[in-house]
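Throughout, residue positions are numbered sequentially from 1 according to the sequence presented. Counting starts at 1 for both ligands and their atoms, following the listed order.
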Amino acid sequence: MNPCPPLPSPPEPPALDPSGPSTGFRSGFIALVGRPNVGKSTLLNRLVGQKVAITSPVAQTTRRRLRGIHTTPGSQFIFVDTPGIHKPHHLLGERLVRSARDTIGEVDLVLLLVNGSEAAGRGDAFIVNLLRQARVPVHVALNHWDNVPSSQADHQLASYRELLAEPIEEDGSPPHWPLHPISALTGLGTETLLASLEQALPVGPCLYPPETVSDQSESALLAELIREQVLHHTREEVPHSVAVHIDRIVDDERPGPKGKTRVAVLATVLVERHSQKVILIGRGGQMLRTIGSGARKEMEALLNTSVYLELFVKVVPNWRRSSARLAELGYGGSD
Ligand code: GDP
Ligand code: MG
């Protein structure tokens with residue numbers, strides 16, 4: 001176990017510990033839970049201050065339970081991103097809900113995300129019921145608040161208060177779940193949210209080194225950045241049939257542009273059918289170049305160095321039916 005960041009020694013109190021030095025360091029696991037596409041991964045990146053989870057308008061982008069870590073002088077937040085929850089209509093859906101239930105049972109706190117710019121719906125009610133059964137402390141983030149005109153704000157808040165107000169405790173009283181209007185996209189309200197979550201964390205040790213932002217390996221993060229670009233630029237069956245494998249990461253000794261060091265990344269994009277390979281490569285290789293250049297820019301931001309990226313596309317029929325499939329999708333394998 002790694003040591004916590006040293007707290008500033010007296011007489012200077014720790015600047016970011018609102019509860020004061022006497023209560024000690026706080027740490028805990030916070031699950032980000034909500035319907036698909038409400039902005040869980042976008043919020044995770046915002047709260048961690050760095051891109052650790054990929055996002056896209058395509059539902060089911062998040063395939064595994066990813067942890068994003070944020071450490072301040074007084075506390076450590078370990079956020080757990082989860083695949084979106086919806087009412088199960090098939091076995092896969094059941095597994096997904098089970099996985100979400102397991103996650104909920106393992107954390108100190110749940111941050112329920114809803115799309116605050118829409119009226120509360122049945123999908124939200126389903127999740128609210130799951131959380132009530134779990135009896136875990138819950139904070140609710142009304143995301144997409146950037147899309148709520150101020151004239152509508154009271155109406156939207158009332159709609160969610162009503163959703164949460166139904167009596168559920170054995171004594172009939174509703175639980176107290178604080179509401180936070182936020183925008184994961186613009187950052188509106190997220191500092192206040194973080195301060196409020198910090199108050200709710202239990203006293204505990206620092207579980208990751210303070211500079212850590214994710215529990216994923218560098219390779220896993222880089223692979224996800226490539227998959228994100230595939231999701232952004234392809235349609236229909238391609239996104240769900242793609243997996244990315246990082247073959248090698250090589251430090252390039254030669255100085256790159258502007259004298260910065262360079263890293264070479266060699267990666268293979270797996271697809272299931274030849275027709276998908278044709279789409280991914282595109283006419284004259286144009287699609288693969290677009291995907292590669294988008295991913296390279298994201299990698300440069302992540303690694304803070306210039307990156308040379310080479311992508312290969314390989315057809316592996318039915319790779320999703322291999323035994324690793326559900327684990328790869330994050331529906332019940334290892335984290
Ligand atoms: P997830 O499936 O819950 O992880 O959702 P994502 O984080 O992948 O976000 C889905 C889409 O919603 C992306 O296109 C985001 O850019 C967008 N999005 C997320 N949060 C907000 C927000 O607060 N406001 C707006 N306008 N868009 C958002
Ligand atoms: Mg996600």
Discussion item. Please state which option from His144, Glu228, His232, Lys40 has its nearest heavy atom closest to atom 28 (C) of ligand 1.
Written reply: His144

Discussion item. Looking only at side-chain N and O atoms, does Ser306 offer a donor or acceptor that is under 3.5 Å from a partner on Glu300?
Written reply: no

Worksheet item: Quick one: are Ile30 and Ile78 in side-chain contact, heavy atoms under 4.5 Å?
Response: no

Discussion item. Below the 3.5 angstrom mark, is there an N/O of Pro36, backbone or side chain, next to an N/O of ligand 1?
Written reply: no

Fill in: Atom indices of ligand 1 within 4.0 angstrom of Ser41 heavy atoms, with elements
4 (O), 7 (O)

Item to complete: Run the salt-bridge test on Arg26 and Glu198 with the 4.0 Å N-O cut-off and return the result as yes or no.
Response: no

Worksheet entry | From the candidates Asp81, Thr42, Val38, the one that places a heavy atom nearest atom 9 (O) of ligand 1 | Thr42

Item to complete: List every atom of ligand 1 that sits less than 4.0 Å from any heavy atom of Ser183, numbering the atoms from 1 in the order shown and giving each element.
Response: 22 (C), 23 (O), 24 (N)

Worksheet entry | Numbered atoms of ligand 1 (with element) below 4.0 Å of Asn147, judged on heavy atoms | 26 (N)

Discussion item. I'd like to check which ligand 1 atoms, numbered from 1 as shown, lie under 4.0 Å from a non-hydrogen atom of Asn37.
Written reply: 1 (P), 2 (O), 3 (O), 5 (O), 10 (C)

Fill in: ligand 1 contact on Leu113 by region, counting heavy-atom pairs under 4.0 Å
neither

Worksheet item: Strictly under 2.8 Å, is any N, O or S atom of Ser41 next to the Mg ion (ligand 2)?
Response: yes

Discussion item. Under a 3.5 Å threshold, yes or no: a donor from one side chain and an acceptor from the other, between Gln76 and Ser27?
Written reply: no

Which atom pairs, donor and acceptor, lie under 3.5 Å between side-chain atoms of residues 186-193 and protein residues at least two apart or in another chain?
| residue | atom | partner | partner atom | Å |
| --- | --- | --- | --- | --- |
| Thr186 | OG1 | Ser183 | OG | 3.1 |
| Thr186 | OG1 | Leu188 | N | 3.2 |
| Thr190 | OG1 | Gly187 | O | 2.7 |

Discussion item. Within ligand 1, which atoms have a heavy atom of Asp146 less than 4.0 Å away?
Written reply: 22 (C), 23 (O), 24 (N), 25 (C), 26 (N)

Worksheet item: Do Ile246 and Leu266 sit in the same hydrophobic cluster, where Ile, Leu, Val, Met, Phe, Trp and Tyr count as joined when their side-chain heavy atoms come under 4.5 Å apart?
Response: no

Discussion item. Ignoring hydrogens and geometry beyond distance, is a side-chain donor-acceptor pair present between Asp247 and His245 at under 3.5 Å?
Written reply: yes

Worksheet, complete the sentence: So the ring pair (Phe, Tyr, Trp, His ring centres under 6.0 Å) pairs with at least one residue in residues 262-313 (sequence neighbours excluded) are none

Discussion item. Minimum distance, heavy atoms only, to atom 23 (O) of ligand 1: which one of Asn143, Ile182, Asn45 is it?
Written reply: Asn143

